[in-house]
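Right, one structure below, let's go through it.
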Amino acid sequence: MKILLVRVSSLGDVLHNLPMVADLLRHHPGATIDWVVEEGYVSLVRLNPHVRKIIPWALRRWRKRLGDKAVRAEIKSFFRTLREEEYDYVFDTQGLLKTGVIMGAARVRKGGKKVGLANGSEGSGYEGISRIFHTDSIPLSPRTHAVARGRLVAGAALGYAVDSAPDFGLPAPQTALRPAFLPQEDYAVFFHGTARAAKKWARENWIATGQALAPMPVLLPWGSEEELREAEALAQALPNARVLPRLSMMDAVALAQHASLAIGVDTGLTHIAAAFVRPTVEIYCDSPKWKTEGNWSERIVNLGDLGDPPSSAEVIAAARRLLDK
């Protein structure tokens, strides 16, 4: 059986789609699985050794220079690569027009299926027009967890129950592969940055939490100038904190992978720490916890909810419980 997964973005959503791979191979051990993903997330999907071929999609870059001959040639090459294979199943678990177009262009063998979402979840950017590319549209509860969504779609299409904890297929951290920018001793990481201001946790809460963890080193990553300024302000108040240099995405993944404790708001890197089953405290301030909470391990604690951020005391207590374990 040949299967193509279409989930192009974003970081957290691509991550949450990974357990589909283990499910599919558990029920169809001889299957080959390919994946279309935005080029910036290729390295994340590559961490899962069971994905055979990754086909990079670069719409974010292409649409800035659609008039360039080289870009048009690159787009043609993408679709040529996409159509090299005939698949038994193509799954679009994003439900957007752009992912529907990819699904529509993919080839299936006679009797093959193109399967996608019949509806979106609450607050999602689902685009119903994507259904025109489906042979089968799978309805889900509007409050289906982000990790369960793709798993349930594939299970419904292939006739198996989704009744196990998610397996992201990610490698365990290895001391020999620990990046040089990380300290040798145990450390905590604060994933404090997020694109939407309402999802942030108050600065005084981060400071109180960092002080409670001292002398444990606290590492502060950042992804924008605004986040850098925030990291610097936290470091000034926390002698045990260190602002990291700008990291590549895979360095940031390694930061989460090796952490003895990760504390973060509802953002992709926090969810990566949870997927690696590192001791993780997920903080929800302005997003619904049901959608992305790490609910597959006792090493993950989810606090707060939409409009109800947790206190620093709650986060400190959770962090101490995780460290004690």
Side-chain angles (χ1 to χ4, degrees), residues 2-25 31-64 71 74-85 87-108 114-117 120 124-127 130 133-134 146-151 153-154 166-171 195 223 247-254 256-257 267-269 271-272 274-276 292:
K2 290 184 179 179
I3 298 168
L4 177 68
L5 306 183
V6 180
R7 185 77 198 210
V8 298
S9 60
S10 59
L11 176 62
D13 292 333
V14 171
L15 173 81
H16 288 148
N17 209 57
L18 283 170
M20 283 184 73
V21 176
D23 288 356
L24 289 164
L25 292 176
T32 58
I33 299 173
D34 297 345
W35 192 316
V36 179
V37 69
E38 182 69 37
E39 62 180 357
Y41 306 124
V42 166
S43 51
L44 175 61
V45 177
R46 191 172 286 135
L47 287 176
N48 188 315
H50 304 296
V51 178
R52 180 188 64 160
K53 181 167 71 173
I54 302 170
I55 306 173
W57 166 254
L59 183 62
R60 294 180 181 182
R61 177 169 55 81
W62 292 337
R63 63 187 174 192
K64 296 176 183 177
V71 168
E74 201 174 332
I75 293 170
K76 288 180 182 177
S77 176
F78 165 81
F79 283 104
R80 188 164 54 248
T81 301
L82 177 68
R83 293 180 57 80
E84 285 175 352
E85 304 275 355
Y87 293 99
D88 297 278
Y89 285 89
V90 179
F91 291 103
D92 171 14
T93 57
Q94 194 152 2
L96 301 177
L97 176 59
K98 65 183 179 182
T99 53
V101 168
I102 296 169
M103 169 183 272
R107 294 195 303 136
V108 293
K114 296 183 176 183
V115 185
L117 296 159
S124 72
Y126 177 79
E127 295 171 350
S130 62
F133 301 101
H134 300 176
V147 173
R149 213 169 299 152
R151 301 180 73 199
V153 166
D167 176 359
F168 292 84
L170 297 174
L247 302 178
S248 68
M249 192 193 75
M250 290 313 295
D251 279 342
V253 169
Q257 181 186 22
T267 190
L269 289 171
H271 301 315
I272 285 175
F276 277 113
T292 57

Residue pair Ala105 / Leu82: nearest heavy atoms and the distance that separates them
CB-CD2, 3.7 Å
Taking C-beta and beyond as the side chain, do Leu47 and Met250 meet within less than 4.5 Å on heavy atoms?
yes
Value for CG (Leu59) from CD1 (Ile75), rounded to nearest 0.5 Å, stands at 8.0 Å
Picking from Trp35, Phe78, Tyr41, what satisfies ring pair (Phe, Tyr, Trp, His ring centres under 6.0 Å) with Trp57?
Phe78
Going by an N to O cut-off under 4.0 Å, is there a salt bridge joining Lys2 and Asp88?
no
Side-chain heavy-atom pair Arg7, Asp13 within 4.5 angstrom cut-off
yes
If we ignore hydrogens and angles and just use 3.5 Å, is the side chain of Glu127 paired with the main-chain N or O of Leu97 as donor and acceptor?
yes
Hey, does the side chain of Tyr126 reach the backbone of Leu117 with a donor-acceptor pair shorter than 3.5 angstrom?
yes
Lys98 side, atom NZ; Arg63 side, atom CZ - distance, nearest 0.5 Å:
6.0 Å
Give, for atom CD1 of Ile102 and atom OG of Ser130, the distance between the pair rounded to the nearest 0.5 Å.
12.0 Å
The test is side-chain contact (heavy atoms from CB on, under 4.5 Å); show your working for Leu5 and Val21 and say whether it passes.
CA-CA 9 Å; Leu5 306 183; Val21 176; 4.0 Å; yes
Just how far is it from atom OG1 of Thr32 to atom CG of Leu25, taken to the nearest 0.5 Å?
9.0 Å
Without swapping roles, check the side chain of Gln94 against the backbone of Val8 for a donor-acceptor pair under 3.5 Å.
yes
Give a yes or no answer on whether the side chain of Trp62 reaches the backbone of Val71 with a donor-acceptor pair at less than 3.5 Å.
no
Does Lys114 use its side chain to pair, donor to acceptor, with the backbone of Phe133 at less than 3.5 Å?
no
Of the non-hydrogen atoms in Leu269 and Ala252, which two are nearest, and what is the gap between them?
CD2-CB, 3.7 Å
Nearest 0.5 Å please: distance from the OG atom of Ser9 over to the CD atom of Glu38.
6.5 Å
Within a strict 4.5 Å, meaning less than it, do heavy atoms of the Thr93 and Arg149 side chains meet?
no
Mark yes or no for whether Gln257, through its side chain, and Pro171, through its backbone, hold a donor-acceptor pair below 3.5 Å.
yes
Full working for side-chain contact (heavy atoms from CB on, under 4.5 Å) between Val90 and Asp92:
CA-CA 7 Å; Val90 179; Asp92 171 14; 5.9 Å; no
Under 4.5 Å between any side-chain heavy atoms of Asp34 and Tyr87, yes or no?
yes
Could you report the tightest heavy-atom contact between Ala256 and Ile272, atom names first, then the distance?
CB-CG2, 4.0 Å
Side chains of His134 and Met103: does their closest heavy-atom pair fall under 4.5 Å?
yes
Taking every heavy atom of Leu4 against every heavy atom of Ala106, the minimum-distance pair comes out as CD2-CB, 3.9 Å
Kindly give the heavy-atom pair with the smallest separation between Ala275 and Leu15, and that separation in Å.
CB-CD1, 3.8 Å
Output the distance between atom CG (Leu44) and atom CG (Leu170), rounded to the nearest 0.5 Å.
7.0 Å
Residue pair Met249 / Leu11, side-chain heavy-atom distance below 4.5 Å:
yes
For Ala154 and Met20 the tightest heavy-atom approach is CB-CE, 3.8 Å
